[in-house]
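Accompanying notes for the structure given below.
Just so it is clear: chains get the letters A, B, ... in the order the sequence lines come, proteins before strands, and each one is counted from 1.
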Protein chains: 6
Amino acid sequence: MYELGVVYRNIQRADRATADALAKLGSATVHEAMGRVGLMKPYMRPIYPGCQVSGTAVTVLLHPGDNWMMHVVAEQIQPGDIVVAAITAECTDGYFGDLLATSFQARGARALVIDAGVRDVKTLQEMNFPVWSKAISSKGCIKATIGSVNIPVVCAGMMVHPGDVIVADDDGVVCVPAAIAAKTLETATAREANEGEKRAKLASGILGLDMYKMREPLEKAGLRYID
Amino acid sequence: MYELGVVYRNIQRADRATADALAKLGSATVHEAMGRVGLMKPYMRPIYPGCQVSGTAVTVLLHPGDNWMMHVVAEQIQPGDIVVAAITAECTDGYFGDLLATSFQARGARALVIDAGVRDVKTLQEMNFPVWSKAISSKGCIKATIGSVNIPVVCAGMMVHPGDVIVADDDGVVCVPAAIAAKTLETATAREANEGEKRAKLASGILGLDMYKMREPLEKAGLRYID
Amino acid sequence: MYELGVVYRNIQRADRATADALAKLGSATVHEAMGRVGLMKPYMRPIYPGCQVSGTAVTVLLHPGDNWMMHVVAEQIQPGDIVVAAITAECTDGYFGDLLATSFQARGARALVIDAGVRDVKTLQEMNFPVWSKAISSKGCIKATIGSVNIPVVCAGMMVHPGDVIVADDDGVVCVPAAIAAKTLETATAREANEGEKRAKLASGILGLDMYKMREPLEKAGLRYID
Amino acid sequence: MYELGVVYRNIQRADRATADALAKLGSATVHEAMGRVGLMKPYMRPIYPGCQVSGTAVTVLLHPGDNWMMHVVAEQIQPGDIVVAAITAECTDGYFGDLLATSFQARGARALVIDAGVRDVKTLQEMNFPVWSKAISSKGCIKATIGSVNIPVVCAGMMVHPGDVIVADDDGVVCVPAAIAAKTLETATAREANEGEKRAKLASGILGLDMYKMREPLEKAGLRYID
Amino acid sequence: MYELGVVYRNIQRADRATADALAKLGSATVHEAMGRVGLMKPYMRPIYPGCQVSGTAVTVLLHPGDNWMMHVVAEQIQPGDIVVAAITAECTDGYFGDLLATSFQARGARALVIDAGVRDVKTLQEMNFPVWSKAISSKGCIKATIGSVNIPVVCAGMMVHPGDVIVADDDGVVCVPAAIAAKTLETATAREANEGEKRAKLASGILGLDMYKMREPLEKAGLRYID
Amino acid sequence: MYELGVVYRNIQRADRATADALAKLGSATVHEAMGRVGLMKPYMRPIYPGCQVSGTAVTVLLHPGDNWMMHVVAEQIQPGDIVVAAITAECTDGYFGDLLATSFQARGARALVIDAGVRDVKTLQEMNFPVWSKAISSKGCIKATIGSVNIPVVCAGMMVHPGDVIVADDDGVVCVPAAIAAKTLETATAREANEGEKRAKLASGILGLDMYKMREPLEKAGLRYID
């Protein structure tokens, strides 16, 4: 449930260095490091390919077809933040375009993650402002009903608290709670560390069956080979 | 994000009398009383029509295709509870059938709300055990991976904390946080109170345009009548 | 495109007797009689089974999440009308419930066809007020933006002009333009007339292959039987 | 891939007694007995609730919007058969209505399973002819292109060979290959046999945790209880 | 409803200069200028990014899986036209590929907007022939049933009359009725005019809250700031 | 239905030269040459544009959320193969990333076609390893349940037998049974042969109406021109 009509100005952001360091690990590795949780639903897609970012979440709750609160959240952005926008009902309207992106970018926002639609996608790409969204739509919004800023929200099926770390790339979007960001970074970095070695082995033709010692458990599980 | 592998045994349930009283008001009135928030997405549908229940949430987080934790949550059910089941990824498999329903019912559960599929729907109706789900599917589950019980979850787009009140009927499912359950009951009851009078007026032919005094604001908004 | 902010009070309704007579032929036969066109998309479903109605369309165009114009259209309803509601963008919110249904019924409306959601479905069934909709949802609407009444609209992929005949049953919803309603009734009645004879033949075991003389054209098309 | 333009007249049907006996076990138990495979996708739904049937498959492959082959397959039906209809591309048109149902029923068909739409659903229910389909639609079909009868087809994601056993109920549709029908019946019957005992235990309040001896494996998997 | 089997040869196209001038304003600005109406549904996507076109609509109505009328509409194309293709039922088949594109381009067509699928997308991009469609599919069509050319159609939820102006870009597709094209151009141009100034202000760090004077209305609507 | 827990090591692959030669004809032409069948559903999309491949199918059947068998299938890959992965229920999880792609590529696989999700899409593009999938998702898999390798599977609605030829490009994916691969290559090549001539005629302004001699059949079908 949501508290409506409030803007929390002071939020506890995750440690900056930790938040920044998670970007290069990517959403898949980070989600694995968390125990395979934390992902938004896969309908959240980048509006153009090739972006890989992380940052601290400022959240906004909006009503369907109404983007009034986007201007309210803009003021709460600090450099290094990623805006996470949730809607109280399903909506694909275009809540965000080049003007809001200009404002967000001026405030230091690194990206927008929105469970609805956006527009001006060509210009957003030219501005190098990454967006993950559910839809692309020219449909404009009205400014009639207030929502909230920096309350916990559900975006694309995932809970996001203000100050959590968001990691987003071409594979999807993951939310890392501030409280476990440091530990997640550590685990994810460790995972990443031995990936190079694994890749080299696999590239040389060694099979995962052997590298991961799967033959015995597969046989125990009943797998039969037939010539 | 989700804490995995934990079962919280002691949760703070919303006041019983309040939780029980919300059923008869229905999901639409309750959601309006909360400021038009709190609803799960409309893909959550009753597996058979005509049920209208409320109760306190016990929550369970499951993995796709794996219903092991359904047996774990069963033990945490108290009379008057509604089980709210969330999945870590999209899944339509049948997590729940007549055997689990027998167990849940024996523990005093009033209903299941699950962001996945269920089966044995004919028997569930005969047992008078209501379920709101995303799908109906014969597909069975494995029991291989642990999740959690009584942590905050996201079910069909809505945050549910253990102990919150769930109100579900043919129109949908709403979650009322325990902290505002009493106030919501009060507001919803007040809304309901004058519905009878309104209905009588409308049935007599009086228009909403007049009853709600909408003609002037519509004219101000620019509405023109053309003969 | 849509003309916004207007209410046309005087519309040319299709002939009453013709409009009424189309109900019993059903949506499938009527659509065939029109040359297999005129159907709304099959996501439009009755909120409860067993209704079969026809009537003259009064139309209303609404904005997403905003049902203000539902009160405006109520005043334009005449006995025998069916309200056809279109939305300017995709929306599943609950635009209509028991209070509006009471008002519509008092004005003589026979049904609602809406390209969005409705609520209070249990009460609507008790009131015997049929609705065809895209969704069922408790989500309430605001009253902030004006649309139009009795302009041509697109509902579930089909153009509907005010005064057209709507035929709706468990199979779907078809729109018959007023100008061809009489001819459609005639053609549909003729189609229906020989259905009884066909049914008797088929029930006796005569195959459609023989009754419709399909064996030769099938052979010409290249169909081969293999023993 | 599909062989086009052929009708196989002589197919090897699964043993009649076995095919008939599978109905009462239901789609969920049968699919479990097969190793949790064989199910069509859950979008296949009965057009009215409460049917539970089994029978031998006769298959038909149709083109989108073209139901010509439905008349060809009718001739190949034998008492106890269930017609399984696949389409070469996605389509929701109404391929089947009361006339074809009359013909199918006269030939002894028990049901239709179709990966497309049907119409006349009210009459089909009155005729007591069960159908599982992807959609309900008034949209009629043309008769212009030939397909095939009694070739292997893919229906709702599942391979069906002519003569396989189809089991369908409110939970879904499962296909049992003729070659393993007898063994599946045996396994499914065994599964069913001890369900009554389990149900009684669960109804008495015994938990699945204890009945299935899950506490130890859950602990080993790392589950922690927190008071 | 649709008139079948007719080709209107003489249609009233919107003024050429106006139609051409709308392209550079883009679908979002044009739709705002029309009062936030006129958009096709957001599932209509360009088959490759970066195109921005406008032109006068010639319309074609096709049957599912049948592209015969694409050859008929080709003859009615004049330089500066955009073909708008509607289908009488849901279909994702590939109605259009490089051969038809060659023909359309030879006639002077600027683009295709189709509520179905297309194929040869790589070649279409090489040919620089833009398409907005609902799907990409290799599935070919038959040529068996006639539809119509240059009748009013519904494409992706929007009414399009022959001669209307179509504006399409990466954000979507909007239809501007010929009768209001000039006025829409004027309004859209005015909107566009002061966007540069707004962008400069926002880029300098001025907030939309201040630039649009939203603080007072937000406070009146009840927004509270919490430190 | 599926045989579980087996790996067929010796499969009969389609003739190599034939399998290789089909790539350049593309999925649309090949599917036409087969009589307009053989296509997977259009939701199967390349994860990056511009790939056009063909190869012999090795198949793998997996359970939802479980990619254990991907390592088993890797060992069965021979140079020139394309892995076709089917899942026993709907799933969008990321079954495949850069490590498995390294292994597949080392074994000589040309591509992956999977009825589920994949991840590391940016790296896969850098590796030049093409994938056609239903989704992109960071969600990782477990390794708990065995499936099968080189049994007939259903992938995106199409039956694929081990050794069949897969042709995939930006338009979609088609499966050519090994038994008809040579004949399909011949037919497809013939179709392709006269496309250049047709394209030249159409580019010169000659209409399809005349080139295909459609005017007379259209008139017979009842098409009327109205000035």
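- Looking at heavy atoms from C-beta onward, Thr102(E) lies out of side-chain contact with Lys201(F) at the 4.5 angstrom threshold.
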I would like to know whether Ile136(E) and Asp170(F) meet side-chain contact (heavy atoms from CB on, under 4.5 Å); could you show each step before the answer?
-> CA-CA 8 Å; Ile136(E) 290 169; Asp170(F) 286 352; over 6 Å; no
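- Between Val121(E) and Asp171(F), the closest heavy-atom pair is N-OD1, 3.1 Å.
- Gln76(E) touches chain F through its side chain: at least one heavy atom from C-beta onward sits under 4.5 Å away, while N, CA, C and O do not.
- In this structure, Met211(F) CE and Leu99(E) CG are separated by 6.5 Å, a value rounded to the nearest 0.5 Å.
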Contacts under 3.5 angstrom, residues 178-192 of chain F side chains, donor-acceptor by atom type, not counting sequence neighbours:
{"unit_1": "Thr184(F)", "atom_1": "OG1", "unit_2": "Ile180(F)", "atom_2": "O", "d": "2.7"}
{"unit_1": "Thr187(F)", "atom_1": "OG1", "unit_2": "Lys183(F)", "atom_2": "O", "d": "2.9"}
{"unit_1": "Thr189(F)", "atom_1": "OG1", "unit_2": "Leu185(F)", "atom_2": "O", "d": "2.6"}

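- Atom CZ of residue Arg36(F) and atom NZ of residue Lys139(E) lie 4.5 Å apart, to the nearest 0.5 angstrom.
- The residue among Gly140(E), Ala135(E), Gly97(E), Ala74(E) with the most heavy atom pairs within less than 4.5 Å of chain F is Gly140(E).
- Contacts of Met69(E) with chain F are made by side-chain atoms alone, with heavy-atom separations under 4.5 Å and no backbone atom involved.
- Looking only at heavy-atom pairs under 4.5 Å with chain F, the residue among Thr92(E), Asn150(E), Leu100(E), Asp98(E) that has the most is Asp98(E).
- Ion pairing between a basic and an acidic side chain is recognised when a charged N comes within 4.0 Å of a carboxylate O; Lys122(E) and Asp169(F) show no such pairing.
- Proximity to chain E among residues 212-227 of chain F is limited to Tyr212(F), Met214(F), Arg215(F), Pro217(F), Leu218(F), Ala221(F), Gly222(F), Leu223(F), Arg224(F), Tyr225(F), Ile226(F), Asp227(F), judged by heavy-atom separations below 4.5 angstrom.
- More than 12 heavy-atom neighbours from other residues, nucleotides or ligands sit within 6.0 angstrom of CD on Glu195(F).
- Taking every heavy atom of both residues into account, Gly172(F) and Ser138(E) meet most closely at N-OG, 3.7 Å.
- When heavy atoms are compared at a cutoff of 4.5 Å, Leu4(E) approaches chain F solely by way of its backbone atoms N, CA, C and O.
- Using a 4.5 Å cut-off between heavy atoms, Gln105(E) makes no contact with chain F at all.
- Heavy-atom pairs under 4.5 Å with chain E were tallied for Ser204(F), Gly50(F), Pro42(F); the largest tally goes to Pro42(F).
- A salt bridge links Arg119(E) with Glu32(F): the closest approach of a Lys/Arg side-chain nitrogen to an acidic carboxylate oxygen falls below 4.0 angstrom.
- In terms of heavy-atom pairs under 4.5 angstrom with chain E, the leader among Pro49(F), Ala28(F), Gly208(F) is Ala28(F).
- The structure places OG of Ser137(E) at 9.0 Å from CZ of Arg45(F), a figure rounded to the nearest 0.5 Å.
- In this structure, Arg107(E) and Leu207(F) approach most closely via the heavy-atom pair CD-CD2, 3.9 Å.
- Ranked by heavy-atom pairs shorter than 4.5 Å toward chain F, the options Asp93(E), Val149(E), Asp120(E), Val118(E) are led by Asp120(E).
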